[in-house]
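Notes to accompany the following structure.
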Amino acid sequence: MNWSPIFLSIQVTLVATLGIFAIGLALALFLARTKTRAKILIELLVNLPLVLPPSVVGYYLLITLGRNGIIFQLFNLNLLFTWQAAVIASMVVAMPLMVQSAKAALEGVDPALENAARTLGLTEWQVIARVTLPLARRGIIAGLVLGSARALGEFGATLMIGGNIPGVTQTAPLAIYDAVQAGRFADASFLVFILTVLALLSLIAVNRMQRG
Amino acid sequence: MLQVKIEKQLPDFKLNINFETGAEILVLFGASGAGKTMTLNCIAGLLAPDAGAIQFNGNVLFDSIARVNLPARLRRVGYVFQHYALFPHLTVRENVEFGVKDAKGRESAKSRERAHVDELLELVGITSLAARYPSQLSGGQQQRVALARALAPRPDLLLLDEPFSALDAPTRETLRQELRALQARFNLPTIFVTHDLGEAYFLADKLAVMDRGEIVQIGAPGEILLRPRDLRVARAVGVKNILRGVVEARDEKTCHVKVGEFGLETPASSAPVGAEVNVCIRAERVVLMRPERGEESRAENVLEGELLRETSDGSTVTLYFRADAPRFAPTQDFDLQIELPVYIYERLDLSRARRWRVSVRRNGIHLIR
């Protein structure tokens with residue numbers, strides 16, 4: 001059995017999960033705490049990949065990351081067709097799941113509790129660390145698990161900007177497509193089985209999180 | 001000494017508060033939506049007034065002109081919230097310790113703080129609950145934790161927002177007494193918000209009646225109950241008999257006021273002859289005259305009539321009394337509401353004895369212009 005797509009998928013998913021945790025949580029905190037108009041725009045932008053076809057997301061990323069895109073212009077950095085491109089594609093499509101879930105959880109924390117912490121001498125950051133986040137942790141973790149599951153399964157946008165290079169950008173979902181195209185059904189079944197188990201495990205994890 | 005003089009525009013009215021208070025219990029009393037909680041939040045630094053200043057012992061907490069708005073964490077204010085606002089993810093002990101500063105690792109200081117927290121837990125009677133979570137406590141126990149938590153960082157000022165409103169009557173009673181004792185022990189300036197008149201009267205060293213964002217009257221509770229400044233206060237502090245009258249004559253000590261058909265003698269007032277006044281008569285100060293006790297000689301403003309009906313809350317009975325002519329309120333079915341304790345009602349056998357002479361003592365009458 002060829003394990004390399006699995007290892008690559010896990011690598012991409014772990015890095016993407018770290019990314020959606022950091023960026024998603026910051027976005028969720030911002031969205032949960034501001035009332036500016038910009039908020040609606042940002043929320044729209046974050047959620048767009050949820051409803052756009054993955055190929056469309058991939059196309060936008062191709063433009064952004066390509067030779068004429070801002071990343072290349074600013075940093076002279078070509079990310080296209082690297083494993084990092086797969087990470088970015090996974091993060092963009094998984095972000096809405098994390099932000100939605102975390103934002104709802106953060107908004108659900110009783111403001112009186114945060115006010116109580118303020119009168120007890122805590123700074124705003126201490127309030128977030130000692131009251132808001134601990135109380136919202138279930139929604140945050142649920143969003144993270146859903147997001148990482150989505151990142152693990154990412155196909156379309158990854159194909160557009162990562163390509164399908166075995167050992168470099170060929171993650172498990174891409175390898176399954178490849179194996180079926182080539183009639184290697186044993187390879188395909190093996191990968192399908194592994195991905196199904198991982199998906200089930202994350203659903204169970206979310207379920208347990210929600211039941212508390 | 002806390003000095004508060006603030007303004008804030010709210011959707012329905014303008015908050016316009018001005019008062020001073022010291023190491024005593026000041027009760028902010030008023031209907032819900034009068035701006036009581038807003039006032040506390042402004043003092044605690046959770047809400048910024050539009051204009052004005054808040055000072056405590058010379059320290060400026062807020063000043064719109066000098067652009068000072070000290071954040072809540074630096075104001076040293078203990079705040080007990082209406083629905084407790086205990087941290088559900090922390091134990092009772094962790095809740096109480098929450099605002100106690102880490103004493104920079106020095107063992108002596110740490111153990112001193114621990115002893116301080118222990119003492120507080122003991123003081124409010126929750127030592128045995130220290131390891132439990134808030135969800136495992138009754139309402140009264142949660143309120144005790146909230147109180148201990150607010151006191152733990154040694155605040156300069158204690159604010160309580162209807163802390164007992166969700167509790168059953170016996171628990172409420174106990175907690176009120178404990179709060180009084182705690183306040184006396186720590187000698188802490190305390191502001192207590194409530195819409196319960198009995199609670200306000202029991203706790204207040206100083207009572208402030210609020211209505212639509214303003215303190216309408218502030219002073220000793222007994223004084224406000226007996227001499228409300230205007231009709232809003234009179235209704236708020238439970239004056240049951242408010243009658244319209246016209247001043248017919250007056251001298252230094254007495255006013256003669258025509259109330260309906262009745263010529264009432266009242267204490268002196270600034271109202272000129274011919275002025276329309278509102279006559280406030282507290283229901284518990286109307287006396288049923290018992291001939292055998294020789295009350296005739298001390299009687300003032302005597303009406304004769306019958307008891308129409310009564311209502312009771314179990315400890316007090318409210319009698320609805322209709323006078324024979326001359327009456328106070330000829331267009332109404334009754335003239336006076338009279339309140340007395342249930343045991344008096346029973347002792348006087350009022351369920352059968354319905355004809356009475358009643359005396360409205362002058363010192364129980366107050367005129368509002």
A:Leu74 atom CG: more than 12 heavy-atom contacts under 6.0 Å: yes
Choice from B:Ala146, B:Ala150, B:Ala72 maximising heavy atom contacts with chain A below 4.5 Å: B:Ala72
A:Leu135 portion near chain B, given a 4.5 angstrom heavy-atom threshold: side chain
B:Leu40 side, atom CG; A:Thr119 side, atom OG1 - distance, nearest 0.5 Å: 11.5 Å
Considering all heavy atoms, the nearest A:Ala117-B:Phe98 contact: CB-CE2, 3.8 Å
Exceeds 12 heavy-atom contacts within 6.0 angstrom, atom OH of A:Tyr60: no
Which atoms of A:Asn115 approach chain B - backbone, side chain, both or neither, heavy atom under 4.5 Å: both
Closest contact, heavy atoms only, A:Ala116 versus B:Ala85: CB-O, 4.1 Å
Neighbour count above 12 (heavy atom, 6.0 Å) for A:Tyr59 OH: no
Region of B:Arg149 that comes under 4.5 Å of a non-hydrogen atom in chain A: both
CZ (A:Phe155) with more than 12 external heavy atoms under 6.0 Å: yes
N/O donor-acceptor pair under 3.5 Å between B:His89 side chain and A:Arg130 backbone: yes
Greater than 12 external heavy atoms within 6.0 Å of A:Tyr177's OH: no
B:Leu90 portion near chain A, given a 4.5 angstrom heavy-atom threshold: neither
Side chain to side chain, B:Phe87 and A:Leu120, heavy atoms closer than 4.5 Å: yes
Within 6.0 Å of NZ in A:Lys39, more than 12 heavy atoms from elsewhere: yes
Whether over 12 other heavy atoms sit under 6.0 Å from B:Lys206 NZ: yes
